[in-house]
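Input: a single structure, listed below in structure tokens.
Throughout, protein chains are lettered first and strands after them, A, B, ... in sequence-line order, and every chain is numbered starting at 1. A quick note: this is a predicted structure, and the numbers were derived from the prediction, not measured.
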Amino acid sequence: MFTDQDYQEYFEQIASLERLMVYHVFDLLQEVEDPQILQQLKTIGSDEKKHYALIVRVFNTILFKSDLERRKFIREHVLGWVKVRHVADGSITEGYCVDLSAQGVCIEFEDDKQDLKGDIEVWIETFEDGKLYHHMGRVAWTTRHAANQRIGAIRFKIGVSFAE
Amino acid sequence: MISREALLHQLKENRDKEDKALPLYAQHLSNAMFLSSALEADQHKIKEILQTLSEDSQRHRQMYQAMIDRIEREGKDVY
């Protein structure tokens with residue numbers, strides 16, 4: 001028998017893998033100049049964004065409607081690049097934006113970032129339209145996904161609350 | 001611009017990710033208990049979505065392989 005948690009874990013695995021595919025395609029699009037390969041990658045990138053949007057729809061409108069209703073702020077599942085400056089030591093690290101709201105952002109990394117705590121400065125550039133965001137914030141939570149690691153997907157996330 | 005080696009490496013990784021995704025999409029589709037607690041219309045919608053993801057993944061895999069084959073055939077150093 002499948003529980004709500006089983007469904008959540010299963011679709012989160014798929015969502016995590018789809019996001020990773022989006023990230024890797026958009027990373028390549030920044031570097032490739034060959035027109036034929038660029039076109040192929042743009043087609044794949046567009047499909048991967050649609051796939052992710054479909055999975056988000058499964059979560060939000062079909063499976064877990066009540067969770068969405070309980071959320072204080074509407075979150076946009078906006079994917080993009082993120083640069084994070086750790087205020088304590090000035091170190092810079094790069095990750096990806098999972099979702100964004102007026103209150104904060106969820107960022108994921110391909111490596112462990114256990115030492116990323118406290119106050120941070122965040123720059124976000126969206127894949128969709130290159131919109132830029134800049135915020136000061138504080139790391140509110142961190143999580144590591146062992147299941148995602150097994151399928152080679154993204155495995156470390158942080159939640160950031162914006163200061164302003 | 002990106003070097004031939006770096007591009008090949010990333011294309012192969014992306015192709016391999018598509019391979020990993022395929023069994024994940026199909027994992028529960030033949031299980032009658034999967035989504036049995038959801039409304040029939042929702043069950044149908046979700047299974048359709050998983051089917052779309054699976055078909056697109058196979059197509060992407062072929063596209064990645066075609067790019068890899070082309071780059072390996074050519075003598076270019078950068079792309």
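Listed in order of number, the residues of residues 26-36 of chain A that approach chain B to under 4.5 Å between heavy atoms are A:Leu28, A:Glu31, A:Val32, A:Glu33, A:Asp34, A:Gln36. Residue-level contacts of residues 9-16 of chain B with chain A, in order of numbering, are B:Gln10, B:Leu11, B:Glu13, B:Asn14; threshold 4.5 Å between heavy atoms.
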Chi angles and distances behind the side-chain contact (heavy atoms from CB on, under 4.5 Å) call for A:Val58, B:Leu50: CA-CA 10 Å; A:Val58 168; B:Leu50 290 172; over 6 Å; no

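Within 6.0 Å of NZ in A:Lys131 there are 12 or fewer heavy atoms belonging to other residues, nucleotides or ligands. Counting heavy atoms of neighbouring residues, nucleotides and ligands inside a 6.0 Å radius, atom CD of B:Glu72 exceeds 12 of them.
Expressed to the nearest 0.5 Å, how far CE of B:Met63 lies from CG of A:Leu41 amounts to 8.0 Å. In this structure, NZ on B:Lys17 lies 12.0 Å from CD on A:Glu18, to the nearest 0.5 angstrom. For the atom pair CG of B:Leu53 and CG of A:Leu54, the computed distance is 6.5 Å after rounding to the nearest 0.5 Å. Remark: B:Glu18 CD to A:Met21 CE distance equals 4.5 Å, nearest 0.5 Å. With rounding to the nearest 0.5 Å, the separation of CG in A:Leu17 from OG in B:Ser57 is 7.5 Å. Rounding to the nearest 0.5 Å gives a distance of 8.5 Å between CZ of B:Arg59 and CD1 of A:Ile44.
Sorted by first and then second residue, the salt bridge (Lys or Arg N to Asp or Glu O under 4.0 Å) pairs involving residues 79-93 of chain A (not counting sequence neighbours) are A:Arg85-A:Glu121.
For B:Asp56 and A:Lys50, the salt-bridge test fails: no basic side-chain N is under 4.0 Å from an acidic carboxylate O.
Both B:Ile68 and B:Ile71 belong to a common hydrophobic cluster when Ile, Leu, Val, Met, Phe, Trp and Tyr are linked at side-chain heavy-atom distances under 4.5 angstrom. No path of Ile, Leu, Val, Met, Phe, Trp and Tyr side chains, each step under 4.5 Å between heavy atoms, connects A:Ile158 with A:Trp123, placing them in separate hydrophobic clusters. Hydrophobic clustering places B:Met67 together with A:Leu38 (ILVMFWY residues linked when any side-chain heavy atoms are closer than 4.5 Å, directly or through intermediates).
Smallest separation of non-hydrogen atoms from B:Tyr25 and A:Tyr10: O-OH, 3.3 Å.
With sequence neighbours left out, the salt bridge (charged side-chain N to carboxylate O under 4.0 Å, His left out) criterion links A:Asp115 to no other residue.
Interface summary for chain B: among A:Gln40, A:Glu48, A:His51, the most heavy-atom pairs under 4.5 angstrom belong to A:His51.
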